Amino acid sequence: MPTLYIKTYGCQMNERDSEQVARMFVQKGYTLTDRENEADVILFNSCSIREQAEQKALGKMGLLSKQQHRPHVVYGMMGCMAQSKKDELFKELPRLDLVVGTQKYHRVFEHVDGILRARQERRMDELQTAFSGTRVCDVAEEADSQNRIRDHLNPGARSTAYVSIMQGCEMKCAYCIVPYTRGTERSRPIRDIVEEVNMLADAGVKEVTLLGQIVNRYGREMPAADGKGGFVQLLEAVHEVEGLKRIRFVSPHPIGFRQDLVQAFTYLPKLCSHIHFPMQSGSDRILKMMRRPYRNETFLDLCARMKQARPDLSITTDIIVGFPGETEEDYLLTRQAVEQVQFDNAFIFRYSPRRGTPAAAMEGQIPEEVKEARNQDLLAVVNEIAIRKNRELVGTVQEVLLEGPSKTNEERLSGRTSQNRPVIVDAAPDLAGQLLPIRIEESTGFTLYGVPCPSRA
Ligand code: 5AD
Ligand code: SF4
């Protein structure tokens with residue numbers, strides 16, 4: 001039985017896409033392996049968002065594909081870097097067999113299996129076949145066919161799942177490569193999504209995360225119902241799914257974030273008390289240059305209104321430091337906004353120029369040392385807040401979805417609170433998949449430790 005090793009870089013969308021691809025291979029008789037040097041097929045699902053993400057995947061694929069003693073192995077690159085670099089990748093990685101864009105996942109199996117079979121036959125009878133040197137570059141131009149494979153890899157084993165609700169992004173933020181790799185915005189119909197969530201809930205999934213580049217633009221073409229836009233209509237429909245306990249979504253954008261969505265936090269109890277809400281910068285001047293058409297005040301006001309709607313809401317964010325033209329003053333405005341919102345956590349990125357994006361060609365590119373200094377300075381502010389908020393939870397009881405064995409200690413379970421904080425729980429393995437009140441006993445900075453309440457110990 002041939003084996004597949006698949007490695008995923010980047011965002012949750014890539015994770016979701018990798019699951020679909022893996023599922024296809026498993027359905028056709030492949031087994032999955034996490035040992036790359038045993039695999040017959042090695043696939044990387046790549047990310048382009050920053051230079052570093054690309055370098056990591058290129059470096060690792062370069063190393064693996066040097067395994068000359070296993071000439072039958074098929075190497076493929078899928079995902080955003082495949083979409084954006086296309087054939088260029090064959091030059092950078094001479095042993096690569098396959099490049100598949102973000103909207104052609106359904107064809108990966110066909111291509112790979114064809115190449116692998118031809119190579120294996122050739123090995124057997126020493127015949128040179130047409131496939132021996134074939135390289136396939138299959139990068140999409142047409143609309144996607146996501147969700148042809150609707151079921152998931154191994155739903156019975158999991159209590160959480162990602163559900164893609166839309167593809168693409170048309171915002172064209174000046175720094176971002178996504179609009180060029182993921183294409184135009186397309187929303188799936190509500191009934192398809194609800195059907196998928198129903199199927200997941202039947203299989204034991206308790207929490208779904210709805211995925212889209214800008215989820216609040218979901219279903220923009222749908223008529224409003226009761227003053228509610230498409231995304232809130234979707235949330236309400238998913239909320240009805242029996243057996244489902246929690247709903248999350250990533251990521252919203254301040255543009256088009258209306259009161260109906262703020263209000264949803266007041267009457268949808270399954271909606272978790274967490275929002276990942278990218279701010280990017282606290283300076284209006286930089287936001288404008290980033291082509292993010294809102295002012296920082298609008299962002300802060302939305303945060304305040306959401307907290308009013310759901311007082312225990314945790315807000316996390318993405319911030320870019322060192323965007324072209326960012327002065328010390330601009331940076332300090334970002335820092336000030338971080339202090340004002342008191343984000344529960346933040347991903348801080350040093351600006352990384354991406355090919356073909358407007359910001360890459362802007363004047364005033366910031367030296368790496370300055371980006372690094374701002375990154376470190378802001379990280380200290382963010383970490384201090386995050387650690388303090390975690391410490392404040394010691395002694396409280398939190399509802400935790402126990403997801404499975406902890407990675408660091410198989411004898412304990414790991415889970416997350418409604419606010420998306422990771423908790424390591426001293427509990428029997430058979431409690432995996434349950435949503436339980438947990439007493440938080442300790443915090444070591446970023447991780448919380450707890451016991452079921454009342455304690456079974
Ligand atoms: N450089 C640095 N960070 C970036 N992001 C997107 N593009 C870039 C870039 N060119 C960040 C944004 C986005 C997150 C997923 O990645 O903050 O929200
Ligand atoms: Fe990129 Fe902006 Fe679209 Fe997010 S909203 S994917 S940052 S272009």
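Read the numbers this way: they start at 1 and go in the same order the structure lists the ligands and their atoms. Computed from a prediction, not measured in an experiment: that's the story for all the values here.
- Within the 4.0 Å heavy-atom criterion, both parts of Y175, backbone and side chain, lie near ligand 1.
- The pair E329-R285 does not count as a salt bridge, with every side-chain nitrogen at least 4.0 angstrom from each carboxylate oxygen.
- With hydrogens and angles left out, the side-chain atoms of Y180 and Q83 include no donor and acceptor closer than 3.5 Å.
- The neighbour count for R258 CZ, taken as heavy atoms of other residues, nucleotides or ligands under 6.0 Å away, does not exceed 12.
- Results of the salt bridge (Lys or Arg N to Asp or Glu O under 4.0 Å) test with D17 over R182, R23, K104 single out R182 as the only residue that passes.
- Inspection of the T316 and N345 side chains reveals no N or O donor paired with an N or O acceptor under 3.5 Å.
- Ranking the protein heavy atoms by distance from atom 6 (C) of ligand 1 puts I49 CG1, 3.3 Å first.
- A distance-only check finds a donor-acceptor pair linking the side chain of R188 to the backbone of S164 [under 3.5 Å].
- Side chains of R246 and S418: no donor on one and acceptor on the other come within 3.5 Å.
- Counting atoms of ligand 1 from 1 in the listed order, those under 4.0 Å from a heavy atom of R354 are 10 (N).
- The F349 neighbourhood of ligand 1 comprises atoms 2 (C), 3 (N), 11 (C), 14 (C), 16 (O), 17 (O), with distances under 4.0 Å to a heavy atom of that residue.
- Atom 11 (C) of ligand 1 has as its closest protein heavy atom R50 NH1, 3.3 Å.
- Proximity to I320 (heavy-atom distance under 4.0 Å) selects the following atoms of ligand 1: 3 (N), 4 (C), 5 (N), 12 (C), 17 (O).
- Closest heavy-atom approach to atom 12 (C) of ligand 1 among the candidates R350, Q280, H276: Q280.
- Among all non-hydrogen protein atoms, the one lying nearest atom 1 (N) of ligand 1 is S352 N, 2.9 Å.
- Counting only N and O atoms by type, the side chains of S406 and S414 include no donor and acceptor under 3.5 Å apart.
- Enumerated by chain and number, the residues approaching ligand 2 to less than 4.0 Å through a heavy atom are C169, M171, K172, C173, Y175, C176, V178, P179, Q213, I214, H253, R292.
- Residue, atom and distance of the protein heavy atom nearest to atom 15 (C) of ligand 1 are D318 OD2, 3.7 Å.
- For the salt bridge (Lys or Arg N to Asp or Glu O under 4.0 Å) with E207, the lone residue among R248, R158, K245 that qualifies is R248.
- Under the 6.0 Å distance and 45° angle rule, R35 does not count as a cation-pi partner of Y5.
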